[in-house]
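Each remark here refers to the structure printed beneath this line.
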Amino acid sequence: MVLIVCSCALSCDGRISKHQALQKSVSEFKANKVLVKNIYHPTTYNEQRIDTTLSHDYSASLKTFTDMERNIPKTVKKGSHIENHLYRLVQTELKVDYKGETIVTDIIDGDFIKRHLNYNESDWSDYNLRNVWVDQASSLDENLLSIIAEFYSVQTEHIRRFKLLITNSGKMFVTEIKTNVI
């Protein structure tokens with residue numbers, strides 16, 4: 001018995017078991033490696049077309065679609081990995097006719113707002129187009145074509161709305177609608 005105990009004590013050289021070695025390797029890997037996952041929003045191409053004809057000789061065609069090449073990133077760290085949420089840019093092709101003649105063609109997106117309202121990149125870099133629609137009631141009251149464009153921040157989800165007023169000569173006025181929408 002004494003011989004067995006002495007033999008065990010002398011044969012123990014301080015090595016760790018296979019299970020302990022595996023656990024140590026896994027924990028070292030997790031500590032040294034950061035796993036990155038890219039998640040696209042939306043995952044596929046989307047397109048929506050709306051054609052509106054108003055009683056006072058205006059018609060508008062709005063084609064809203066996702067730009068599959070450009071996106072706005074939002075990085076979220078979750079434990080030992082990072083999720084890159086990539087929000088694909090949304091754009092709307094706008095075509096406005098008055099009495100059958102095309103008076104406006106433009107692309108509504110973040111660049112459109114920056115161009116018309118002189119916004120700088122830092123104010124606008126994480127905003128994406130959410131929705132565009134013809135404000136029919138306002139259009140009829142003002143004898144202009146009124147279009148609303150709604151943008152949201154992918155970082156804060158803050159919403160900003162803009163009114164586009166288009167005259168029958170094709171002149172466009174863009175203003176921000178101050179709202180309390182969050």
Side-chain angles (χ1 to χ4, degrees), residues 37-76 83-182:
K37 181 179 181 182
N38 289 334
I39 303 168
Y40 288 91
H41 304 280
T43 56
T44 60
Y45 178 80
N46 292 323
E47 181 177 307
Q48 178 184 20
R49 181 180 292 274
I50 298 173
D51 293 317
T52 304
T53 302
L54 299 173
S55 63
H56 62 303
D57 298 322
Y58 282 99
S59 64
S61 175
L62 304 169
K63 176 184 161 188
T64 302
F65 59 94
T66 51
D67 181 340
M68 301 301 280
E69 301 299 320
R70 300 187 306 156
N71 56 63
I72 300 170
K74 178 181 180 181
T75 302
V76 178
E83 290 181 352
N84 284 330
H85 292 266
L86 302 165
Y87 294 85
R88 298 184 196 273
L89 289 181
V90 177
Q91 298 177 315
T92 295
E93 288 180 0
L94 169 66
K95 180 179 174 248
V96 177
D97 293 339
Y98 181 71
K99 293 187 177 180
E101 181 182 331
T102 300
I103 57 173
V104 171
T105 57
D106 212 333
I107 300 288
I108 299 173
D109 60 5
D111 292 336
F112 173 88
I113 297 298
K114 286 189 290 188
R115 187 173 68 245
H116 283 275
L117 296 177
N118 296 319
Y119 285 173
N120 66 42
E121 186 64 32
S122 65
D123 291 340
W124 200 248
S125 62
D126 70 328
Y127 279 85
N128 199 4
L129 184 64
R130 182 175 180 169
N131 199 1
V132 177
W133 67 92
V134 174
D135 183 1
Q136 293 182 17
S138 183
S139 293
L140 294 174
D141 289 345
E142 300 169 5
N143 198 26
L144 300 165
L145 183 64
S146 177
I147 295 175
I148 306 296
E150 184 176 77
F151 290 80
Y152 73 101
S153 165
V154 300
Q155 302 295 333
T156 65
E157 297 182 13
H158 179 257
I159 294 173
R160 294 170 85 172
R161 288 193 182 128
F162 299 87
K163 182 179 251 187
L164 290 63
L165 293 175
I166 301 169
T167 68
N168 58 12
S169 65
K171 189 163 178 133
M172 188 179 325
F173 302 95
V174 179
T175 57
E176 185 168 1
I177 303 168
K178 299 296 181 186
T179 64
N180 293 327
V181 176
I182 297 176

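The structure displayed is predicted, hence computed values, not measured ones. Position 1 is the first residue of the sequence; numbering continues from there. Heavy atoms only: backbone and side chains are in, while hydrogens, waters and symmetry mates are out.
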As a quick check of understanding, evaluate side chain to side chain contact (heavy atoms under 4.5 Å, CB included) for Val104 and Leu145, giving each step before the final call.
CA-CA 11 Å; Val104 171; Leu145 183 64; over 6 Å; no
Worked check of side chain to side chain contact (heavy atoms under 4.5 Å, CB included) between Leu94 and Thr105
CA-CA 5 Å; Leu94 169 66; Thr105 57; over 6 Å; no
So how far is it from Asp109 CG to Glu93 CD, rounded to the nearest 0.5 Å?
11.0 Å
Shortest non-hydrogen contact from His56 to Ser139?
NE2-O, 3.4 Å
Between NZ of Lys95 and CG of Asp51, what distance do you get to the nearest 0.5 Å?
8.5 Å
I want to check something: taking the side chain as every heavy atom from C-beta on, are Tyr98 and Thr167 in contact at a cut-off of under 4.5 Å?
no
Looking at side-chain heavy atoms only, is the closest gap between Lys74 and His41 below 4.5 Å?
no
Among Val90, Ile50, Ile147, side-chain contact (heavy atoms from CB on, under 4.5 Å) partner for Val132:
Ile147
About how many Å separate NZ of Lys114 and OG of Ser125, when rounded to the nearest 0.5 Å?
8.0 Å
Given Ile166, which of Leu144, Val174, Ile103 fulfils the side-chain contact (heavy atoms from CB on, under 4.5 Å) condition?
Ile103
Side chain proximity check, Leu89 to Leu129, heavy atoms < 4.5 angstrom
no
Is any side-chain heavy atom of Asp57 closer than 4.5 Å to a side-chain heavy atom of Asn168?
no
Value for CG (Asp111) from CG (Asp106), rounded to nearest 0.5 Å, stands at 10.5 Å
Should Glu150 and Arg161 count as an ion pair when the cut-off is N to O under 4.0 Å?
yes
Check each of Tyr127, Tyr87, Tyr119, Phe162 against Phe151 using the ring-ring contact (aromatic ring centres under 6.0 Å, His included) test, and report the only one that passes.
Phe162
Side-chain heavy-atom pair Asn84, Pro73 within 4.5 angstrom cut-off:
no
Roughly how far apart are Glu47 CD and Thr66 OG1, rounded to 0.5 Å?
8.5 Å
Side-chain touch Arg160/Trp124, heavy atoms, less than 4.5 angstrom
yes
Thr43 and Arg88: which non-hydrogen atoms are nearest, and at how many Å?
O-NH2, 3.8 Å
Atom OG1 in Thr92, atom CZ in Phe112: separation rounded to 0.5 Å?
10.5 Å
